[in-house]
Amino acid sequence: MNKEISQAVIRRMPRYYRYLGELLESGVERISSGDLSRLMKVTASQIRQDLNNFGGFGQQGYGYNVPYLYDEIGKILGLNQTHNIIIIGVGNLGLAIANYMKFEKLGFKLVALFDINPNIIGQEVRGIKIRSMEELEDFCRNNAVDIAALTMPKATADNIAHHLVEMGVHAIWNFAHVDLDLPDESVVVENVHLSDSLMQLSYNITKNFK
Ligand code: NAD
């Protein structure tokens, strides 16, 4: 089903999920499309259009059932399943991600950490051992690895990514500042560049305040 849905719509889904989660936490069971639109600062028609891609979830005169919509968006995003994650490169960034517990609440389970630095190999982060890169192949072949986060220097990222794909890893969360050259049919890549977001902010500062 997701095939025809634009990535722009998919990118808006986590925000809906976040807001609905917060509503649920504050005990809200039902919300009108107008209230949801005011809360999220998105037009009611945008919300309707977005949700209509998945069959629509609102009811005329009732609004949205918050727990139901939350669950359904969770399913759309695949959050009803556990995704096992490994992190490659346990430096500043890798460690920060490894220590961020909230991902686990969303079903992303950290299962292993890898690095080449002998000074940290064998140490544990939240009870998970940092392994050497020599163990990567064995680990991937003997454990379910759904996602590999790449937080090592960019020079090695492409090689490591190819190796991971050969070992059957189908999703890469790429933080290394390099466009990975991988076959589309065997792997999905999500690139994260905090600096892109910062540059966008810089553009908006320049446009609005300078
Ligand atoms: P860091 O130097 O603190 O950590 C890098 C870690 O990778 C080290 O522990 C190192 O031993 C390990 N490493 C080096 N070569 C390796 C290899 N071949 N296999 C496995 N591990 C290896 O650096 P950092 O600040 O954590 O940044 C890590 C990467 O993330 C860099 O590529 C950096 O450019 C990138 N980064 C991206 C963003 C972003 O927004 N995408 C933000 C910050 C950093």
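Remember, it's 1-based here, ligands and their atoms both numbered in the order they're listed.
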(message) Would N84 and V145 count as a side chain to side chain contact (heavy atoms under 4.5 Å, CB included) here? Give the steps.
(response) CA-CA 5 Å; N84 289 340; V145 174; 5.6 Å; no
(request) Considering only non-hydrogen protein atoms, determine which one is nearest to atom 17 (C) of ligand 1 and report residue, atom name and distance to 0.1 Å. (result) I116 CG2, 3.8 Å
(message) Could you check whether R30 makes a cation-pi contact with Y62, meaning its NZ or CZ is under 6.0 Å from the centre of the six-membered ring and within 45° of the ring axis?
(response) yes
(message) Any carboxylate oxygen within less than 4.0 angstrom of a Lys/Arg side-chain nitrogen, looking at R141 and D138?
(response) no
(request) Rounded to the nearest 0.5 Å, what's the gap from OH on Y203 to CG on N208? Could you check? (result) 8.5 Å
(message) Which residue and atom name correspond to the protein heavy atom nearest atom 35 (C) of ligand 1, and how close is it?
(response) F175 O, 3.6 Å
(request) Heavy-atom contacts with K154 under 4.0 Å: which atoms of ligand 1 show up? List them by number with element. (result) 32 (O)
(request) Measure the CG-CZ distance between L93 and F175 for me, rounded to the nearest 0.5 Å. (result) 5.5 Å
(request) Might you check, step by step, whether the distance between atom 2 (O) of ligand 1 and some protein heavy atom is under 4.0 Å? (result) no
(message) Quick test: of every protein heavy atom, which one is nearest to atom 11 (O) of ligand 1, and how far off is it to 0.1 Å?
(response) D115 OD1, 2.5 Å
(request) Measure up the Y17 and Y70 rings against each other and bin them: parallel (under 30°), tilted (30 to 60°), perpendicular (over 60°). (result) parallel
(request) Quick one: look at M152 and ligand 1, take heavy-atom pairs under 4.0 Å, and tell me if it's side chain, backbone, both or neither. (result) both
(message) Closer than 4.0 Å to some heavy atom of T156 - which atoms of ligand 1 meet that?
(response) 18 (N)
(message) Tell me the protein heavy atom at minimum distance from atom 14 (C) of ligand 1, and give that distance in Å.
(response) P153 CD, 3.2 Å
(request) Please check if the distance between the ring centroids of F103 and W173 is under 6.0 Å. (result) yes
(request) Run the numbers for me: atoms of ligand 1, each under 4.0 Å from some heavy atom of I88, listed by number. (result) 20 (C)
(message) For atom 28 (C) of ligand 1, which of the options I121, T151, L198 provides the nearest non-hydrogen atom?
(response) T151
(message) To check your reading of the model: name the closest protein heavy atom to atom 7 (O) of ligand 1, its residue, and the distance in Å.
(response) G89 CA, 3.5 Å
(request) State the atoms of ligand 1, each with its element, that fall below the 4.0 Å cut-off from a heavy-atom position in N117. (result) 11 (O)
(request) Can you sort out which atoms of ligand 1 are near V192, meaning under 4.0 Å from one of its heavy atoms? (result) 39 (C), 40 (O), 41 (N)
(message) With heavy-atom distances below 4.0 Å as the criterion, list the atoms of ligand 1 near M133.
(response) 19 (N), 20 (C)
(request) Using a 4.0 Å heavy-atom threshold (strictly under), name the region of N92 that reaches ligand 1: side chain, backbone, both or neither. (result) both
(request) Give the numbers and elements of all ligand 1 atoms closer than 4.0 Å to a heavy atom of V90. (result) 9 (O)
(message) For a side chain to side chain contact (heavy atoms under 4.5 Å, CB included) check, start with the C-alpha distance between V189 and D179, then their side-chain angles and the critical distance, and finish with the verdict.
(response) CA-CA 10 Å; V189 179; D179 290 328; over 6 Å; no
(request) Report the distance from atom CE of M152 to atom CG of N159, rounding to the nearest 0.5 Å. (result) 10.0 Å
(message) Can you see whether D50 engages Q46 through a side-chain donor-acceptor pair at a distance of less than 3.5 angstrom?
(response) yes
(request) Could you find the nearest protein heavy atom to atom 40 (O) of ligand 1 and give me its residue, atom name and distance? (result) L194 N, 2.6 Å
(message) Tell me the protein heavy atom at minimum distance from atom 38 (C) of ligand 1, and give that distance in Å.
(response) H177 NE2, 3.6 Å
(message) Polar contacts were defined as any N/O atom of the residue lying under 3.5 Å from an N/O atom of the ligand; does this apply to S195 and ligand 1?
(response) no
(message) Pair I120, V90 - check side chain to side chain contact (heavy atoms under 4.5 Å, CB included), show working.
(response) CA-CA 8 Å; I120 60 169; V90 195; 4.2 Å; yes
(request) Calculate, to the nearest 0.5 Å, the distance between atoms CG and CG belonging to D158 and L182 respectively. (result) 6.0 Å
(message) Under 4.0 Å, counting heavy atoms only: does I160 come that close to any atom of ligand 1?
(response) yes
(message) For atom 44 (C) of ligand 1, what is the closest protein heavy atom, and at what distance to 0.1 Å?
(response) L93 CD2, 3.7 Å
(request) Answer whether the closest heavy-atom distance between the side chains of F114 and S132 falls below 4.5 Å. (result) no
